Chemist: 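Dropping a structure here in structure tokens format, bear with me for questions.
All heavy atoms count here, side chains included; hydrogens, waters and symmetry mates do not. Everything quoted here is computed from the prediction, not taken from an experiment.
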Amino acid sequence: MSLLVFSVPLLLVVAVMKALSHSPLSALCCQVYSGILKLSHRKVCVSSTHAFVFFNCTHGQAQSVLLTFDLYSTTHASSNIGPQKGAFLDEIVAREAPLRVLELGTHCGYASVRILRLLPPSGKLLTVELDPLTADRGEEIILVAGFKNQQFQVLTCSSAEAISSLRSHTGNDGLDLVLMDHDPELYLQDLLALQRGNLLSSSCVVLINRALTPGARDLLEHVTARPQSFSVGRQLHGLMEIRCHTGMSPKPQN
């Protein structure tokens, strides 16, 4: 149904583009049309991925959900980080044993499931997705994988809105791990907002996906110019590890 509804505005845009093909507005129409095509393609991918995983995985088994995601990505384009980056993510989560994790960019829930299955019993994931349809599909897949609502929360809003309200979700606890897998051009401003809000723990690890794309350049220039505040660690296929040294002071030991 969603595909049929979305096809109507596409047809309207095409008609308008033809009518204005020789006017100064033609370039603007092309940009609008391109944006709509990208959005429609994303929604189709989300719905297709969700349907495949939902109907082919074993419900209640996180590993089956991940394997079904990986099977889908062998024959279809996918926005998931995939098994190679996923194994890298697993290693970091297991090493850090984070109690508070923030994921910017839920997509279909693949990385969320990978993270949740390795969190300590008291750990919690906050995952942020701007698109409501994608957020709903991602949350359903996380539940299908066997996780409970008290273990995670999906925030349907922009990254900036989520960061501004994080204190209401984390209390006085800082984030131990942040995965940035949304718009790379937002990486730097979101990192700075997290720091300004004193939302990072004393040795928080920030993972950025698509670190080698032009959009992530500002963040990389920022962190590499401040070795006293950040340590750039390993990188695998554009998934890069950055450790922050300017977070909250460690809690006193009892």
Chemist: Spell out, as yes or no, whether a donor-acceptor pair under 3.5 Å connects the side chain of Glu129 to the backbone of Asp131.
Modeler: yes
Chemist: Say whether, by atom type as modelled, one donor and one acceptor occur between the side chain of Arg167 and the main chain of Asn198 under 3.5 angstrom.
Modeler: yes
Chemist: For the residue pair Val178 and Cys204, what are the closest heavy atoms and their distance?
Modeler: CG2-SG, 4.0 Å
Chemist: Taking Ser229 for the side chain and His245 for the main chain, is one N or O donor matched with an acceptor at less than 3.5 Å?
Modeler: no
Chemist: Minimum heavy-atom separation for Leu99 and Ser122, please, with both atom names.
Modeler: CD2-OG, 3.3 Å
Chemist: Using a strict 4.0 Å threshold on nitrogen-to-oxygen distance, state whether Glu96 and Arg243 make a salt bridge.
Modeler: yes
Chemist: Are Val113 and Leu126 co-members of a hydrophobic cluster defined by side-chain heavy atoms under 4.5 Å apart?
Modeler: no
Chemist: Side chain to side chain donor-acceptor pair (under 3.5 Å) with Thr127: which of Glu103, Glu139, His107?
Modeler: Glu103
Chemist: Does CD belonging to Gln189 count more than 12 external heavy atoms closer than 6.0 Å?
Modeler: yes
Chemist: Between Thr106 and Thr134, does the side-chain contact (heavy atoms from CB on, under 4.5 Å) criterion hold? Intermediate values first, please.
Modeler: CA-CA 8 Å; Thr106 307; Thr134 304; 5.6 Å; no
Chemist: For Pro120 and Ala97, work out which heavy atoms get closest and say how close.
Modeler: CG-O, 3.7 Å
Chemist: Between Arg117 (side chain only) and Ala62 (backbone N and O only), is there a donor and an acceptor less than 3.5 Å apart?
Modeler: no
Chemist: Test side-chain contact (heavy atoms from CB on, under 4.5 Å) on Gln151 and Leu119 and set out the steps.
Modeler: CA-CA 9 Å; Gln151 296 172 278; Leu119 287 188; over 6 Å; no
Chemist: For the pair Phe152 and Phe147, evaluate ring-ring contact (aromatic ring centres under 6.0 Å, His included) and give the outcome as yes or no after the intermediate values.
Modeler: CA-CA 8 Å; Phe152 73 97; Phe147 299 104; 7.5 Å; no
Chemist: Using 30° and 60° as the class limits, which term best fits the ring planes of Phe52 and His76: parallel, tilted or perpendicular?
Modeler: tilted
Chemist: With side-chain contact (heavy atoms from CB on, under 4.5 Å) as the criterion, how do Leu200 and Gln195 come out once you've worked through the C-alpha distance, each side chain's angles and the decisive distance to 0.1 Å?
Modeler: CA-CA 7 Å; Leu200 305 178; Gln195 288 186 299; 4.0 Å; yes
Chemist: Supply the atom-to-atom distance Thr213 OG1 to Glu185 CD, rounded to the nearest 0.5 angstrom.
Modeler: 8.5 Å
Chemist: Hey, quick one: are Val101 and Leu239 part of the same hydrophobic cluster, counting side-chain heavy atoms closer than 4.5 Å, chains of contacts allowed?
Modeler: yes
Chemist: In Å and rounded to the nearest 0.5 Å, what is the CG to CD1 distance from Asp190 to Ile163?
Modeler: 4.0 Å
Chemist: Is Thr49 reaching over with its side chain to a backbone N or O of Val46, donor-acceptor style, under 3.5 angstrom?
Modeler: no
Chemist: Considering all heavy atoms of both residues, which atom of Pro98 and which atom of Leu177 are nearest to each other, and what is their separation?
Modeler: CB-CB, 4.0 Å
Chemist: Kindly determine whether Leu143 and Asn149 satisfy side-chain contact (heavy atoms from CB on, under 4.5 Å), including the steps that lead there.
Modeler: CA-CA 8 Å; Leu143 292 170; Asn149 290 114; 4.0 Å; yes
Chemist: Okay, side chain of Tyr187, backbone of Asp218: is any donor-acceptor separation there less than 3.5 Å?
Modeler: no
Chemist: Can you tell me how far CZ of Arg234 sits from CG of Leu207, rounded to the nearest 0.5 angstrom?
Modeler: 9.5 Å
Chemist: Within a strict 4.5 Å, meaning less than it, do heavy atoms of the Cys57 and Val144 side chains meet?
Modeler: yes
Chemist: Kindly assign one of parallel, tilted or perpendicular to the pair His59 and Phe54, based on the angle between their ring planes and the thresholds 30° and 60°.
Modeler: perpendicular
Chemist: Taking a hydrophobic cluster as the set of Ile, Leu, Val, Met, Phe, Trp and Tyr residues connected by side-chain heavy atoms closer than 4.5 Å, whether directly or through intermediates, do Ile81 and Leu71 fall within one such cluster?
Modeler: no
Chemist: Between Leu236 and Ile92, is there shared hydrophobic-cluster membership here, with clusters defined by ILVMFWY side-chain heavy atoms closer than 4.5 Å?
Modeler: yes
Chemist: Does any N or O in the side chain of Ser48 come within less than 3.5 Å of the main-chain N or O of Cys45, such that one atom is a donor and the other an acceptor?
Modeler: no
Chemist: If you round to the nearest 0.5 Å, how far is CG of Leu219 from CD1 of Ile242?
Modeler: 5.0 Å
Chemist: Given side chains that start at C-beta, do those of His182 and Val128 come closer than 4.5 Å, heavy atoms only?
Modeler: no
Chemist: Does Tyr110 share a hydrophobic cluster with Ile141, counting links as ILVMFWY side-chain heavy atoms below 4.5 Å and allowing steps through other members?
Modeler: yes
Chemist: Indicate yes or no: at least one non-hydrogen side-chain atom of Arg95 is less than 4.5 angstrom from one of Glu91.
Modeler: no
Chemist: Measure the spacing between CG of Leu104 and CG of Asp183 and express it to the nearest 0.5 Å.
Modeler: 11.0 Å
Chemist: For Gln61, is there any backbone N or O sitting under 3.5 Å from a side-chain donor or acceptor partner on Ser64?
Modeler: no
Chemist: Taking the side chain as every heavy atom from C-beta outward, state whether Leu118 and Arg114 have any pair of such atoms under 4.5 Å apart.
Modeler: no
Chemist: Check whether any side-chain N or O of Glu241 sits under 3.5 Å from a backbone N or O of Gly233 as a donor-acceptor pair, and report yes or no.
Modeler: no
Chemist: Can any side-chain N or O of Ser165 pair as donor or acceptor with the backbone N or O of Glu161 at less than 3.5 Å?
Modeler: yes
Chemist: Starting at CG of Leu194, measure out to OG of Ser159 and round the result to the nearest 0.5 Å.
Modeler: 9.0 Å
